[in-house]
There are 2 protein chains.
Amino acid sequence: MTDGMTIGRVAKAADCNIQTIRYYEQIGLIPAPRRSSGNQRLYDASAVRRLAFIRHARELGFPLSAIRDLISLVDHPAQSCEAADRIATAQLHAVEGRIRRLTALRGELERMVEECKGGRVADCRVIEVLSDHSLCETPDHGAPALAE
Amino acid sequence: MTDGMTIGRVAKAADCNIQTIRYYEQIGLIPAPRRSSGNQRLYDASAVRRLAFIRHARELGFPLSAIRDLISLVDHPAQSCEAADRIATAQLHAVEGRIRRLTALRGELERMVEECKGGRVADCRVIEVLSDHSLCETPDHGAPALAE
DNA sequence: CTTGAACCTATAGCGACTGTAGAGAGTAGA
DNA sequence: TCTACTCTCTACAGTCGCTATAGGTTCAAG
């Protein structure tokens, strides 16, 4: 019943689309499953769990490289937590940085939207702010560098 | 003086790297500038302003498609502000969703790092959370829609 | 006139997918 | 059994927003 699920069923169960599953297999993030006589992939329940893990971590912003590391921890649950601690701490710092930048950004966007009340574009606060960096008071000194 | 700037000077002035400028030209986000006798691009001050506008919007997380729309508004300043407001509001919602999700994640990561003091991976909180979506209280269900 | 920095084009690569084409596999009804 | 239809297969191109490289040309200083 749980054994021998086709890729479509797994995709639904793990809320992950089919191409993405094949992509994860291709880059070695999940193991290649066994095949039916007609060469179709057949998964068991553990594949669904792993995919759900990956998708959830992705939704939370972990890059695949970090997920790869986390998976190798999951696969060796008896060892010390140290590596997981390191990964999580690094991830925590990254997340904190992103929150800081996004919070500054939210303030600016709120101000823009607030002041843009049906005027004409010529007076549009949104465009004014975007045009002049000095109008924006990022508490973050350097370049916000949205990326990452 | 402001007229006839080479791409390198413009890049410095607008805090935007050279390849990116050529890329923006290629995709039609900025107009192709005139050229010197030796085929080098020569920009005027308006190009710097436009690039600064684009870079600033990018830093704020606007996708190029939204920026394209904003530019067309800037180029037609007599019309209503409504479209700019819509774009900025969508971006604001996207940013708020991201902050919510990241804040939830930060909580989990903090707890994990806290509880991960020489224990074993088998008991690791973050892995547990990542494995089971129901443990996490993200108020935001859906996709970010706009940008990043 | 020579050197070296800045510029040119064209192309490939990144991460993390998504979409397509054209073929084969599996299933349900007549 | 035949047909119709859906699902899956591989392989590869495209997405976004750049960044990097290769191999050449132009410009400005000494």
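Reminder, nothing fancy here: chain letters follow the sequence lines and each chain counts from 1. Predicted model only: the values in this text are computed from it and were never measured.
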Run T20(A) and R55(A) through side-chain contact (heavy atoms from CB on, under 4.5 Å) and show every step you take. CA-CA 10 Å; T20(A) 303; R55(A) 290 314 304 162; 4.1 Å; yes
Please determine whether side-chain contact (heavy atoms from CB on, under 4.5 Å) holds for the pair Q40(B) and R35(B), giving the CA-CA distance in whole Å, both sets of side-chain angles, and the decisive distance to 0.1 Å. CA-CA 5 Å; Q40(B) 300 197 351; R35(B) 301 282 184 130; over 6 Å; no
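Taking the side chain to side chain contact (heavy atoms under 4.5 Å, CB included) definition, one finds that Q19(A) meets it with N17(A), sequence neighbours left out. The side chain to side chain contact (heavy atoms under 4.5 Å, CB included) search around I18(B) returns I7(B), A11(B), R22(B), not counting sequence neighbours. The side chain to side chain contact (heavy atoms under 4.5 Å, CB included) search around D69(B) returns I87(B), not counting sequence neighbours.
Toward the 5′ end of DNA chain D lies the nearest nucleotide of R55(B), the other residue of the pair G38(B) and R55(B) mapping further downstream. Each of Q19(A) and Q19(B) lies near DNA chain C, and the nucleotide nearest Q19(B) is the one positioned closer to the 5' end. For S65(A) and S37(A), each mapped to the nucleotide of DNA chain C holding its nearest heavy atom, the one lying further toward the 5' end belongs to S65(A).
The nucleotide range of DNA chain C contacted by chain B, defined by atoms under 4.0 angstrom from heavy atoms of the protein and reported 5' to 3', is dC7(C) to dT9(C). Scanning DNA chain D 5' to 3' for nucleotides with an atom closer than 4.0 angstrom to a non-hydrogen atom of chain B gives a first and last hit of dG17(D) to dC27(D).
Residue I99(A) holds its CD1 atom at 4.0 Å from CZ of R106(B), rounded to the nearest 0.5 Å. Between the CG atom of L51(B) and the CD1 atom of I21(B) there is a distance of 5.0 Å, given to the nearest 0.5 Å. The distance from atom CD1 of I54(B) to atom CZ of R49(B), rounded to the nearest 0.5 Å, is 13.0 Å.
For R68(A), the CZ atom sits in a packed shell: over 12 heavy atoms of surrounding residues, nucleotides or ligands are nearer than 6.0 Å.
Of the residues in residues 21-28 of chain A, Y23(A), Y24(A) come within less than 4.0 Å of DNA chain C through at least one heavy atom, sorted by number.
No continuous path of ILVMFWY side-chain contacts below 4.5 Å connects Y24(A) to L42(A), so the two sit in separate hydrophobic clusters.
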